[in-house]
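In what follows, a single structure is set out as structure tokens and then discussed.
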Amino acid sequence: MATQHSPRRSSRLNQTTNAGAAMVTTASTVSIASSQPQLQHIASTVAGNLSVQAAAMNATANTVMQKERAQTSSKAGEAPTSDTQVASLMQRIAILEENLRRATADRVHVSTASDPVASSNIGVSSATTTLPPYLSGNAPPLLSANQPLQIMAPSNGNALLPLSENLPPQSNGIVPTYLSGNLPTQINGIASTYLSGNNLISHLGGVMLKARLEHDAVYGRCLATSEAVQRGDIVVEELPFAYGPKRDSGIVCLACYRFLQFGEDGDGDGDRCEICDWPLCGNCADAEHQGDHRGECEVFAMARVTFAGNVSEDGACPQLDCITPLSAMPSEHLQLNRTAVEWSRLYGRYLTASEAVQRGELLIQELPFAIGPKCNGRVLCLACFKPNTQERCSNCGWPLCLTCSKDAANLHGQLECCTLQSSRARFYELPPGCLYCPQLDCIMPLRVLLAKESQPERWLNEVAPMEHHEQARRENADVWHADRVNIAQYLRGPCKLAERFSEELIMQVVGVLEVNAFEARTTHGYPIRCLYPYTGILAHNCVPNTARSIHPSEGYKIRLRAMVDLEEGQQLQHSYTYTLDGTTQRQTHLREGKFFDCTCERCLDASELQTHFSSLKCGQCTEGWLLPKQPTVVESSWNCRACDYSTSSAEVRQIVGALQAEVNAVQSLEMGAKRLEEAERLLRKYKSLLHPSHYIATGLRQLLIEMYGRVKGYEMVQLSDQLLERKAELCREVLRLLNVFEPGLSRTRAMNLYELHVPLVLLAKSGFISSRLNGGELRGRLVEAIDLLKECVEILQNEDHSSQEGILCGVAKQALQQLSVSVEGLGNDLD
């Protein structure tokens, strides 16, 4: 995250596991470790290797053509080698010769921390201010100027493999560096043009069981068995890169692919997506089943591309031929980006809008670098995160529920299971009475480290520069020591990863997660952590202008939207603390959890933007309020602006602490009439102690809003008009504050808008029946409720449909539809 001081791929690529479309055809993934060979030696090696390979390719081309001519003359009926094949081979030779020429002329360029790179490599606009060293070159953030980069080389067990003088250097089947695409792009493009990308299988969810990648002079990259294989053994298991409808198919549902009947006019009897209007059957219109269609749906809806529904005489629909290629469009992990990265001494790296953006529009769409359990959690399934899991993985003995153990593609099996199994790291059962399992604290850092090996470029460019505040974290000696023992030393010791990951690196990852990870929930509501390297550098503000939504049904994709209209170049701000906490509470959370002090306008204003959200009633006069003299200073005195009375921060903390303890006691009560009545009693009691808008009073109002209409004795149908008015009043008071602290498209506002519409409708009905309202007034009240529901739906329609907010959105849509029909039936001229 940014702290104060301190081409798109379809969603179907990330949902192949859900679709179950796996091809059984895999061997251990090549792990990449950093080595430090002399770059000048590599320069001559690469140039020499290219010369050898170019000559070999020329010889191979001549041999292949001679063989093909011989085979053509000896085998009747077989087609001769085409000119296209020969031309393709000669083109490859030409590419090698050109690379050889460049390497010979320029030798090799040693990239340093001060070298400029293209802005596209780091996502930084060329118009930004001077950047720090780690943003102005491809070096890791800790490199000093003019220090050479470490060249990534493959690792074979514990030994680093040097680059061989001869091509192709096969060492126990490990793919050489110049074939794996891990050389920096500054080396004249040699490594990143012709022979790059041998990490493809590991990136796309493949597991190489008994195969390895090799390079052949004739076939190029190919697979070879890594051991003796018996008939029927699984060699490779891989998920598809993309899938979709066949070419020249008829009109099919873009989620389940069954054929749909469309008329000549393109009418499909309602089998269209409500968002983009492309083919989607009625069954798949259900949010739980339309995952395959979501990727192109967003593209078509944003571009306003309509589906014509035209079909040729042979029944083919050419307009659908674009679906599968669209799903395979490369975009890596940042699937949509309308932002730019900038840097300042105050914020470090932060994001700005790269163009004018209207409220509700998408700014960022990003897949996580890693997901995993939260720290200090209970024993849970390491695949679905179900808490209190009693079952264990049959391979490694770590927690894995029975359902996930039956799924060969479960997350735990794809990630750390092999490491834990091979090291024989034992999972220790908790003693009776213990709720939290510190042993599982290592899982999320381990997943980040494994992702570092499988995605080295993303680690280097996006994750490594993230804030981890090592010095500030070291100051809390107890927490630092616990992390060092439970995570770093455990991974390097019992898990036997000392030669792959240093203690310094592991502690850096722990810090990156602590400072930058977002909390999310699974489709079943279980809490987890997700790391988003790009979205995570958002600057903080206690009055945010962006809102995030994380979609577990789409591989935990995060979407960042504008809460309000944004100008081009405007800083994007997110709140990393609870906006309905007071300044002291927010500052404490940010200081202890994110390691910085917030200096936003709200925090620097003692009245919190004239809301008096933390103000106390002055005990020496009738009109005054106690406010902190220096809001961001812990020991600041509190002064009355009316009578100049002053008190210490310690006394204020004592008063607030006593009140908060009473509120906590009420919150701990079971949901029922007593809990509601006690909350009302405290709210009346605190009128003489707190400002009406104080955050403690606001918290009690939120508690009451939740209970009115839901607890026994206070169900909605039982509420009198007086209590309905009370609930509406509570909603309006909370919304008044949210309009200041979370303006625009805020989830919290949406929930309160929904809560408010219910008493308004019931009061309008009651007033009309009792003749207190005429027809026109009734219609006006109902239209007000409709407007509340419209804004509620506008906000929540962007949430994951399986989340609580997404479910509420569906309920609000139904209520909106029913209410709109009722108002239309009333007519326009009621008296």
Side-chain angles (χ1 to χ4, degrees), residues 378 386-388 433 435-436 519 521 524-527 578-582 585 655-690 692-738 747-766 785 788-789 792 796 802-812 814-815:
R378 298 171 181 261
K386 177 183 177 182
N388 302 318
L435 296 177
Y436 303 106
E519 180 176 334
R521 291 190 176 272
H524 296 288
Y526 308 139
Y578 185 43
T579 56
L580 293 183
D581 272 341
Q585 287 67 35
I655 295 173
V656 171
L659 302 184
Q660 190 64 61
E662 290 184 323
V663 173
N664 293 342
V666 170
Q667 288 178 325
S668 66
L669 296 174
E670 291 185 6
M671 181 73 88
K674 182 179 180 181
R675 191 170 184 249
L676 183 151
E677 292 159 3
E678 283 295 300
E680 285 282 21
R681 181 184 67 81
L682 289 184
L683 199 55
R684 292 191 298 270
K685 173 184 175 181
Y686 295 163
K687 284 184 178 180
S688 61
L689 301 172
L690 305 174
S693 298
H694 193 279
Y695 66 87
I696 289 180
T698 300
L700 286 170
R701 291 190 184 95
Q702 289 184 294
L703 196 63
L704 289 166
I705 291 170
E706 177 188 355
M707 290 188 289
Y708 274 121
R710 293 182 174 89
V711 302
K712 187 175 181 180
Y714 290 91
E715 287 91 347
M716 195 63 70
V717 294
Q718 297 176 328
L719 294 181
S720 64
D721 285 0
Q722 183 179 3
L723 290 180
L724 288 172
E725 291 282 6
R726 174 61 174 158
K727 176 160 184 168
E729 177 191 9
L730 293 168
C731 291
R732 289 192 176 98
E733 289 174 345
V734 173
L735 282 168
R736 181 179 58 82
L737 292 168
L738 288 172
R747 276 191 298 270
T748 312
R749 286 190 66 253
M751 308 291 269
N752 279 273
L753 289 169
Y754 181 84
E755 293 287 348
L756 176 57
H757 102 275
V758 179
L760 292 186
V761 171
L762 294 180
L763 285 169
K765 175 184 175 182
S766 172
L788 296 176
L789 286 173
C792 173
L796 298 182
S802 64
S803 66
Q804 292 181 351
E805 295 87 353
I807 293 171
L808 178 61
C809 181
V811 175
Q814 293 179 358

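All residue numbers refer to positions in the sequence shown, counting from 1.
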Query raised in the report: Roughly how far, to the nearest 0.5 Å, is CG of Leu737 from CD of Gln702?
Result: 9.5 Å
Requested in this report: To the nearest 0.5 Å, tell me how far Lys712 NZ sits from Met671 CE.
Outcome: 15.0 Å
**Report entry** Under 3.5 Å donor-acceptor, His524 side chain and Tyr526 backbone
**Finding:** no
Report task. Give a yes or no on whether Gln718 atom CD has more than 12 heavy-atom contacts from other residues, nucleotides or ligands under 6.0 Å away. Result -> yes
Query raised in the report: Would a 4.5 Å heavy-atom cut-off, applied to side chains only, mark Leu724 and Met716 as touching?
Result: yes
Requested in this report: Would you sort out whether Tyr754 and Leu796 count as a side chain to side chain contact (heavy atoms under 4.5 Å, CB included), showing the intermediate values?
Outcome: CA-CA 11 Å; Tyr754 181 84; Leu796 298 182; over 6 Å; no
Query raised in the report: Any side-chain heavy atom of Arg726 within less than 4.5 Å of one from Glu680?
Result: yes
Query raised in the report: Hey, does Tyr708 have a side-chain heavy atom less than 4.5 Å from the side chain of Val758?
Result: no
Requested in this report: Could you tell me whether Glu677 atom CD has more than 12 heavy atoms of other residues or ligands within 6.0 Å of it?
Outcome: yes
Query raised in the report: Any ion pair linking Arg736 and Glu733 (charged N to carboxylate O, less than 4.0 Å)?
Result: no
Requested in this report: Give the intermediate values and the outcome of side chain to side chain contact (heavy atoms under 4.5 Å, CB included) for residues Met751 and Thr748.
Outcome: CA-CA 5 Å; Met751 308 291 269; Thr748 312; 5.6 Å; no
Report task. I would like to know whether Leu756 and Leu735 meet side chain to side chain contact (heavy atoms under 4.5 Å, CB included); could you show each step before the answer? Result -> CA-CA 10 Å; Leu756 176 57; Leu735 282 168; 3.9 Å; yes
Report task. Count the heavy atoms of every other residue, nucleotide or ligand shown that sit under 6.0 Å from CD of Glu519, and state whether that count exceeds 12. Result -> yes
Report summary line: On a heavy-atom basis, the closest approach of Ala812 and Cys792 is CB-SG, 4.1 Å
Query raised in the report: Do the non-hydrogen side-chain atoms of Leu689 and Ile655 ever get within less than 4.5 Å of each other?
Result: no
Requested in this report: State, to 0.1 Å, how close Ala679 and Leu704 come at their nearest heavy-atom pair, and which atoms those are.
Outcome: CB-CD2, 3.7 Å
Query raised in the report: Looking only at heavy atoms, which two atoms of Asn388 and Arg378 are closest? And how far apart?
Result: OD1-CD, 3.8 Å
Requested in this report: Quick one: pull up OG1 in Thr698 and CG in Leu703 and give me the separation to the nearest 0.5 Å.
Outcome: 12.5 Å
Report task. Kindly write out the residues that satisfy side-chain hydrogen bond (donor to acceptor under 3.5 Å, both in side chains) with Glu725, not counting sequence neighbours, or none if the list is empty. Result -> none
Report summary line: For Asp721 and Ser766, the nearest pair of non-hydrogen atoms, with its separation, is OD2-OG, 2.9 Å
Query raised in the report: Got a salt bridge between Glu678 and Arg681, using NZ or NE/NH1/NH2 to carboxylate O under 4.0 Å?
Result: yes
Report summary line: From the list Leu690, Asn664, Leu682, side-chain contact (heavy atoms from CB on, under 4.5 Å) with Leu659 holds only for Leu690
Report task. For Val656 and Tyr695, run side chain to side chain contact (heavy atoms under 4.5 Å, CB included): C-alpha distance rounded to whole Å, both residues' side-chain angles, the deciding distance at 0.1 Å, then the answer. Result -> CA-CA 10 Å; Val656 171; Tyr695 66 87; 3.3 Å; yes
Report summary line: For residues 754-765, the salt bridge (Lys or Arg N to Asp or Glu O under 4.0 Å) pairs (sequence neighbours left out) are Arg710-Glu755, Lys727-Glu755
Report task. Taking all non-hydrogen atoms of both residues into account, name the closest pair between Val663 and Tyr686 and its distance. Result -> CG2-CE1, 4.0 Å
Requested in this report: Over all heavy atoms of both residues, which pair between Met707 and Leu676 is shortest? Give the atoms and the distance, please.
Outcome: CE-CA, 3.3 Å
